[in-house]
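Residue numbers begin at 1 in each chain, while the letters A, B, ... track the order of the sequences.
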Number of protein chains: 2
Amino acid sequence: MNQDLLFFCTMCQEKSPKEIDKIRCTIDHTVKNYKRGDLIASQGDRISSLYMLTKGKVKTEIISKSGLTVSVEEITAPYPLAAAFIFADNNRFPVEVTAMEDCEVVLISKSSIEKQMAKCPGFLRGFMAFIANRVQFLLERLKIFSQKGIKAKMAYYILQHDKNGSFELGRSIASLAEYFGVERPSLSRAISEMTHDGIIEFEAGKGKILRYNDLKELLG
Amino acid sequence: MNQDLLFFCTMCQEKSPKEIDKIRCTIDHTVKNYKRGDLIASQGDRISSLYMLTKGKVKTEIISKSGLTVSVEEITAPYPLAAAFIFADNNRFPVEVTAMEDCEVVLISKSSIEKQMAKCPGFLRGFMAFIANRVQFLLERLKIFSQKGIKAKMAYYILQHDKNGSFELGRSIASLAEYFGVERPSLSRAISEMTHDGIIEFEAGKGKILRYNDLKELLG
DNA sequence: CAAAAACCGTAACATTCGTTACGGGTATGA
DNA sequence: TCATACCCGTAACGAATGTTACGGTTTTTG
């Protein structure tokens, strides 16, 4: 169990194990175990503790007031289930959390976290860094999504990866399409057209920007 | 200026002025003034301080390495410019910040914020609440965006606002369309079709869900 | 009250995108 | 070496969405 708390620090800190030893996070906590199919948290529950999923896999669902469920996503350990939400004004679980496998959850009360933050600057920084990184990630995805049209998303992505007129995707077209939330053939077609129009060159994951102005005009 | 710091606490706390007086946030800070057109922060700058915009309006832009700018958004005072980013692993401004009017910015160093957090639980909660609310907001928008198709977005939105079979939009169709990132006539058409198909009733901002199963099947 | 602004539904047409299917290439492992 | 799994480009077609335009109602403003 101590091992899991160490991991929790690791996740927050993203620092070396040695530094974690120095910090010696000794946080009050309780451990709960769930069987496959168990309900871990209900939508609407007030969150008074951080739910650190240390073992297993869960799924989250939205449940309308009429009882129908809508699957949202799966989360695999280790991951905190409500790191940000415990401090939000509306501190309720936005989703239903159900165990897909046997799970272990470490509960850390909000007050314990606050105490630990006041006591241990490293923990404070680590926790803040985790949430801040999440904000950054969400913002980045949102910027991509808010670009209307596949070419606009692609143009935005290229401009972000622009290095002196060249760019690398850093991933396959298939995964990029999934990242954009579009179909692979559609993205492939968009890139073909941009290439055919002479705006960019592209081959094997790498490319060059030929006409910056046209590329920029593809954006919203 | 003290007034602005009080406001800063207000923003973080969202509590009554009386409670703020009790807390007496006396945070180390410096004040900077900018003229219209001045550059407040450059893309890529390391962020060591919180930038609290207390007066004026700024615009943020993405700048590609080739010098072209892409407008992103406008921010009006009072608002913190980089509340989350100072704690992120990649603590750099993701955008270029330029003053659109004469602006006043209160700078609070990261270490000052950490000290204040350790000293004053109310400040810690307020700051965390602000960032947590932002995470919630971004997550919600992202969930809407990741629904493919206008009807799916609408179905998701309705299920979220479902109260015993009835729902209220809480905003105009025009603004909802903007929130979804689609055109108003397109959203209007989608609602018309859902009504025509007998899935929902809708009139004057309010509606009823007639067939939950069909509504659910519109989701991804 | 009159003008302006905001909001809404509708329709016709153009554009984009999803869907499906096919063929080819490359890497991996049995 | 063959089978398998990916990854990619392309094409044709249909569906979904954007675009533009119009008329109407309601709300705000002077």
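Rounded to an integer number of Å, the gap from A:I150 CD1 to D:dA16 C1' is 13 Å. Rounded to an integer number of Å, the gap from B:R171 CZ to C:dC8 P is 12 Å. At whole-Å resolution of the value, CG in A:L218 and P in C:dT16 are 11 Å apart. Between B:K151 atom NZ and C:dG18 atom C1' there is a gap of 15 Å when expressed in whole angstrom units. When rounded to the nearest whole Å, the span between NZ of B:K153 and C1' of D:dG18 equals 14 Å. Put simply, CE on A:M154 is 17 Å from C1' on C:dC17, counting in whole angstrom units. Going from atom NZ of A:K148 over to atom P of D:dT17 covers 13 Å, rounded to whole Å. Following rounding to the nearest Å, A:L187 (CG) and C:dC17 (C1') show an atom-to-atom distance of 12 Å.
Among residues two or more places apart in sequence or in another chain, the side chain to side chain contact (heavy atoms under 4.5 Å, CB included) test is passed with B:S166 by B:K208. Every residue two or more places apart in sequence or in another chain that forms a side chain to side chain contact (heavy atoms under 4.5 Å, CB included) with A:E168 is listed here: A:K206. Partners of A:K57 according to the side chain to side chain contact (heavy atoms under 4.5 Å, CB included) rule, which considers only residues two or more places apart in sequence or in another chain, are A:E74, A:T76, A:M100, A:E101. Every residue two or more places apart in sequence or in another chain that forms a side chain to side chain contact (heavy atoms under 4.5 Å, CB included) with B:S175 is listed here: B:R171, B:S172. For A:Y51, the ring-ring contact (aromatic ring centres under 6.0 Å, His included) partners two or more places apart in sequence, or in a different chain, are A:F93.
Applying the salt bridge (charged side-chain N to carboxylate O under 4.0 Å, His left out) rule to pairs touching residues 181-197 of chain A yields A:K151-A:E193, A:E183-B:K148, sequence neighbours excluded. Sorted by first and then second residue, the ring-ring contact (aromatic ring centres under 6.0 Å, His included) pairs with a member in residues 161-186 of chain B read B:Y157-B:H161, B:Y157-B:F180; sequence neighbours excluded.
Here the side chains of B:V105 and B:M52 are not in contact, with every heavy-atom distance at 4.5 Å or above. Using a 4.5 Å heavy-atom threshold, the side chains of B:L159 and B:L219 count as touching.
Residue A:E193 is the one, among A:E193 and A:E183, whose nearest nucleotide of DNA chain C lies closer to the 5' end (criterion: closest heavy atom).
When the local axes at the two ends of the helix from C:dC1-D:dG30 to C:dA30-D:dT1 are compared, using 5 base pairs at each end, they differ in direction by 50° after rounding to 10°.
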Pairwise N/O distances under 3.5 Å, protein to nucleotides 9-11 of chain D:
unit_1	atom_1	unit_2	atom_2	d
D:dG9	OP2	A:S188	OG	3.1
D:dG9	N7	A:R184	NH1	3.1
D:dG9	O6	A:R184	NH2	3.2
D:dT10	OP2	A:S192	OG	2.5

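In this structure, A:S186 reaches the bases: a heavy-atom distance under 4.0 Å links it to at least one base atom across the strands shown.
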